[in-house]
J.: 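Questions regarding the structure given below will be posed in turn.
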Amino acid sequence: MELDVFVKVVDVLTQNLQVSAGKLQIKSVLKRSSQSPELNVRKSVGDLTRRTSVCPAGRHVTAAEALQLGIIDEVTDHNAVDAAVRLAQSVAGKPLDARRISTYPCPRPPDSDVVFEKVMQEVRRDARGAIAPVTCVQAVRAAVALPYAKGMEREKELFATLFTSGQARALQYYFFAQRAVGRWSTPSGARWDTSKPRPVRKAAVIGLGTMGRGITVSLAQAGLSVVAVETQEKQLLAAKQAVTGMLERGAKRRGAPLVLDQIKYGRSVQAAADVDLVIEAVFEDMALKKSIFQQLSRLCKPGTLLCTNTSGLDIDELASQTQSPELVVGMHFFAPAHVMKLLEVVHGPRSSPEAVATAMQLGKKMGKVSVAVGNCRCFVGNRMLRPYVMQAYFLLEEGATPEQVDQVLEDFGFPMGVFKMSDLSGLDVAWRMRKAEGLVLPASAGESARIREGSRYSPLGDLICEQGRFGQKTGRGWYQYDKPGGRVAKPDPWLHGFLEEYQTRHGLAARRIDHQEVLERCLYALINEGFQILQDGIAAGPEDIDVIYVLGYGWPRHRGGPMFFAGQVGLDKVLQRLEHYHQVHPDVPALKPCSLLRRLAASGNPPISRWREILQKPRSQL
Ligand SMILES: CCCCCCCC(=O)CC(=O)SCCNC(=O)CCNC(=O)[C@H](O)C(C)(C)COP(=O)(O)OP(=O)(O)OC[C@H]1O[C@@H](n2cnc3c(N)ncnc32)[C@H](O)[C@@H]1OP(=O)(O)O
Ligand SMILES: NC(=O)C1=CN([C@@H]2O[C@H](COP(=O)(O)OP(=O)(O)OC[C@H]3O[C@@H](n4cnc5c(N)ncnc54)[C@H](O)[C@@H]3O)[C@@H](O)[C@H]2O)C=CC1
């Protein structure tokens, strides 16, 4: 059993004696009291970087590591209370002052400032705007620099600042939001507490590209037998290699056994005949997906759940290709699929409660947070992503660069700006979607190249794809990479030249665009769509949207999620800025404030907990 299954630290008496109970691989029991305080101090100062990395990152430590770090006294794989009593008895009557942390000498090594500066720099970079991790380092620094009592006072002050911050409110909100999405229900009556999931022991993944590989890994890590199907020989070979690498790294990181032999690879969907559930992850192409669903419906054993990882195609249309449409649901994962914690479970109007419950539970088993969403074009996450991406393209047309836009979004707290994220996902995915929607016109379209159905459109994403630049997978996209599959994004002079040439061709004058405009146009367009989604009943509540954005796209948790963030900025302010941008860009419907946003703003910026109530109130007929 893993060491880090649980670490329970029990305070025994008030004497800093702690016992940790955990299932252990190590049997030796080490008592901190057997070490000299000086040893601890030397260890702690020398190991400052390591200690602070535990504290600011909120990293879980194993019982063994906690013991090694001197956080606890003893680890037992027997009864923790008995061990605690024994430990207490062994020190009873002995002077305990030497054990009190407050009495430890705390020498300040000459290079401690340098160490702290380095740690602070790293923590600031990783924190992406979160103040708690940075404050942790400040507190540790105070503990080293000041006498114990003063250090504690400083820590108290720092804690008080955090406690009353907007970030604390956002994190508390997010904590409960993540729990709220677990109590899901659908309009058809499926519910988390009454709909019974089916057991799934064997699953198939069809299509082993960017997504199928990560999904295969997550299924295998969850203990399922997996049939992984890919028609292209070259892709299959590359997929095998990639999956093996991910599993090896995962096993090493988690100290878990390697599960390579749980996966059987195949070249034909026939291999999926005896599985309990299929996840289709082929190209985003309705005709192709339909033909695969027809085949699966014919060949799979009765009762097999047929799921699609589509980014936004109609689940109902796919269900209609099968003999049992009630067994079809969307299981929408996020790239990289073995890393991102989100699963959108898309219920079509005909998906049975059992099918929804099974997908929701399987997601959980795979270590994901499953969020149930309704069926519409692009569902929740990607529906909000579209106006966000389009604003980013407009900003390029107006004079910004991918690096500038990404920097603003990364400063806000995203792990990747919109262009880096698109390169990771693959630019061809959305290109296929736009082609299917008839949005991609030939280059000869001239003046109309930037207009679709009377609204402003940017063909930049299409033009990039026409150059074979699909992002990381081809080694070129909005950035350049050292090789196909490379991950380090470098600015690409070709792209800058291409943008200049595009501006000249379309008579666009580049202007200086400031940080605020980039942030507001991208985020408020995304948030506006979020309100529309709530109004349409596609997401059950703002919490669902916020969890989707934090876990699916890396929206900074300390900002709560896009809907919470809008409330924190002030709905009236968001409304007013959208009105402003829509006035400047009347040909961009995504900037026209949604009527729900207007209603909420007119209700006086109510707390997010009251939005559902207002959402459900019938609108005035006056
Ligand atoms: C209309 C719109 C249509 C859109 C098209 C379809 C799109 C969709 O349907 C929905 C989507 O998926 S959109 C994409 C959503 N994903 C994101 O936004 C990812 C944002 N980035 C991150 O979270 C972190 O940077 C990330 C997690 C990537 C990396 O974080 P760290 O730097 O902390 O990572 P590490 O600790 O070094 O590594 C963790 C694992 O991630 C792997 N990895 C890192 N960078 C990567 C990259 N650039 N590309 C792929 N994988 C990457 C890394 O290898 C490691 O995995 P293992 O090596 O297996 O352990
Ligand atoms: N790339 C992304 O970030 C995300 C993509 N998706 C969706 O997942 C699906 C797959 O996307 P990607 O993995 O990015 O595409 P990809 O292009 O990287 O991979 C698709 C794979 O499917 C294979 N394939 C095509 N026809 C097949 C068939 N008949 N049988 C078996 N394999 C077949 C292809 O050879 C290719 O290896 C799409 O529906 C996409 O919208 C969903 C979430 C995120």
Side-chain angles (χ1 to χ4, degrees), residues 126 128 204-215 217 221 228-236 238-239 242-254 266-269 271-272 279-286 288-289 291-292 295-296 308-313 318 330-344 377-390 409-410 414-418 420-434 437 461 470-474 479 481 485-489 548-555:
D126 294 347
R128 295 190 270 119
V205 179
I206 316 290
L208 300 181
T210 309
M211 295 304 288
R213 299 171 188 188
I215 298 170
V217 167
Q221 283 174 339
V229 177
E230 167 61 56
T231 43
Q232 302 296 318
E233 177 81 42
K234 213 171 139 207
Q235 279 284 81
L236 182 62
V243 167
T244 304
M246 286 186 249
L247 284 173
E248 281 172 352
R249 290 189 296 276
K252 199 168 158 202
R253 198 171 38 244
R254 296 167 353 148
R267 293 278 307 275
S268 151
V269 284
I279 302 174
E280 165 279 307
V282 303
F283 299 128
E284 187 74 343
D285 175 334
M286 185 51 116
L288 174 64
K289 288 189 193 280
S291 98
I292 288 176
Q295 287 178 60
L296 289 170
T308 172
N309 183 47
T310 175
S311 295
L313 295 173
L318 284 174
M331 281 185 83
H332 183 212
F333 294 85
F334 290 75
H338 70 303
V339 181
M340 303 308 282
K341 287 270 173 245
L342 177 69
L343 173 68
E344 276 186 339
R377 184 108 198 108
C378 291
F379 321 128
V380 172
N382 284 343
R383 184 168 150 183
M384 292 165 71
L385 198 68
R386 292 188 95 169
Y388 169 74
V389 170
M390 206 30 98
L409 295 166
E410 286 163 24
F414 279 102
M416 285 179 170
V418 58
K420 279 188 200 142
M421 184 212 71
S422 304
D423 273 0
L424 178 154
S425 270
L427 306 178
D428 51 324
V429 180
W431 189 38
R432 280 177 199 276
M433 283 176 150
R434 293 192 298 270
E437 289 171 66
F470 292 169
Q472 284 183 194
K473 62 169 90 162
T474 56
Y479 293 89
Y481 301 84
R487 288 173 179 185
V488 181
I548 286 172
Y549 259 83
V550 170
L551 298 182
Y553 303 87
W555 179 287

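Ligands are counted one by one from 1 in listed order, and the atoms in each one are counted from 1 as well.
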J.: Using a strict cut-off of 4.0 Å, indicate which atoms of ligand 1 neighbour a heavy atom of Leu424.
T.: 28 (C), 47 (C), 48 (N), 49 (N)
J.: Given 3.5 Å as the limit, does a donor-acceptor pair link the side chain of Asn309 with the main chain of Met211, or not?
T.: no
J.: Would you say atom 34 (O) of ligand 1 touches the protein, meaning some protein heavy atom is under 4.0 Å from it?
T.: no
J.: Using a strict threshold of under 4.0 Å (side-chain N to carboxylate O), is an ion pair present between Glu344 and Arg383?
T.: no
J.: Considering only the protein, which heavy-atom contact is closest to atom 15 (C) of ligand 1, and what is its distance?
T.: Gly552 O, 3.1 Å
J.: Protein non-hydrogen atoms only, distance under 4.0 Å: does atom 13 (S) of ligand 1 have such a neighbour?
T.: yes
J.: Does ligand 1 come near enough to Arg386 that some N or O of the ligand is less than 3.5 Å from an N or O of the residue?
T.: no
J.: Looking at ligand 1, is there an atom of it that comes within less than 4.0 Å of some heavy atom belonging to His332?
T.: yes
J.: Indicate yes or no for a side-chain donor-acceptor contact from Glu410 to the backbone of Gly417 under 3.5 Å, with no hydrogens or angles considered.
T.: yes
J.: Which atom names give the shortest non-hydrogen contact between Lys420 and Tyr479, and what distance separates them?
T.: CG-CE1, 3.5 Å
J.: What's the shortest distance from atom 54 (O) of ligand 1 to any protein heavy atom, and which residue and atom give it?
T.: Arg487 NH1, 2.4 Å
J.: State the atoms of ligand 1, each with its element, that fall below the 4.0 Å cut-off from a heavy-atom position in Phe334.
T.: 10 (C), 11 (C), 12 (O)
J.: Can you report which non-hydrogen protein atom sits closest to atom 57 (P) of ligand 1, along with the distance?
T.: Arg249 NE, 3.3 Å
J.: What do the steps show when you test Arg377 against Leu313 for side-chain contact (heavy atoms from CB on, under 4.5 Å), and what is the final call?
T.: CA-CA 6 Å; Arg377 184 108 198 108; Leu313 295 173; 3.8 Å; yes
J.: Please determine whether any non-hydrogen atom of Arg383 lies less than 4.0 Å from an atom of ligand 1.
T.: no
J.: Would you mind checking which non-hydrogen protein atom is closest to atom 41 (O) of ligand 1, with the distance to 0.1 Å?
T.: Val339 CG2, 3.4 Å
J.: How close does the nearest protein non-hydrogen atom get to atom 56 (O) of ligand 1, and which residue and atom is it?
T.: His338 NE2, 3.2 Å
J.: Report the nearest protein non-hydrogen atom to atom 48 (N) of ligand 1: residue, atom name, distance rounded to 0.1 Å.
T.: Gln472 OE1, 2.9 Å
J.: My understanding is that we take every heavy atom of each candidate and find the minimum distance to atom 22 (C) of ligand 1. Doing that for Pro415, Gly312, Gly250, which one comes out nearest?
T.: Pro415
J.: Give one line per pair: atom of ligand 2, protein atom, distance. Only N/O to N/O under 3.5 Å.
T.:
from, atom 1, to, atom 2, distance (Å)
ligand 2, 1 (N), Ser425, O, 2.8
ligand 2, 3 (O), Ser425, OG, 2.8
ligand 2, 6 (N), Ser311, OG, 3.2
ligand 2, 8 (O), Asn309, ND2, 3.0
ligand 2, 13 (O), Thr210, N, 3.2
ligand 2, 13 (O), Met211, N, 2.8
ligand 2, 18 (O), Thr210, N, 3.0
ligand 2, 18 (O), Thr210, OG1, 3.1
ligand 2, 35 (O), Glu230, OE2, 2.6
ligand 2, 37 (O), Glu230, OE1, 2.7
ligand 2, 37 (O), Glu230, OE2, 3.4
ligand 2, 37 (O), Gln235, NE2, 2.6
ligand 2, 39 (O), Val282, O, 3.2
ligand 2, 39 (O), Glu284, OE1, 2.5
ligand 2, 39 (O), Lys289, NZ, 2.6
ligand 2, 41 (O), Glu284, OE1, 2.7
ligand 2, 41 (O), Ser311, N, 3.4
ligand 2, 41 (O), Ser311, OG, 2.6

J.: Suppose we measure from atom 8 (C) of ligand 1 to each protein heavy atom; which comes out shortest, and what is that distance?
T.: Asn382 ND2, 3.3 Å
J.: Do Phe334 and Tyr553 have their ring centres less than 6.0 Å from each other?
T.: yes
J.: If we ignore hydrogens and angles and just use 3.5 Å, is the side chain of Glu230 paired with the main-chain N or O of Gln235 as donor and acceptor?
T.: no
J.: For atom 17 (C) of ligand 1, which candidate among Ala335, Pro387, Gly554, Gly381 provides the closest heavy atom?
T.: Ala335
J.: Considering non-hydrogen atoms of the protein only, which is the closest contact for atom 2 (C) of ligand 1, and what is the distance?
T.: Leu385 CD2, 3.8 Å
J.: Indicate, as side chain, backbone, both or neither, the part of Ser425 found under 4.0 angstrom from ligand 1 when only non-hydrogen atoms are considered.
T.: side chain
J.: Taking 4.0 angstrom as the limit and counting only heavy atoms of Arg253, give me the atoms of ligand 1 inside it, by number and element.
T.: 60 (O)
J.: Without swapping roles, check the side chain of Asn382 against the backbone of Gly312 for a donor-acceptor pair under 3.5 Å.
T.: no
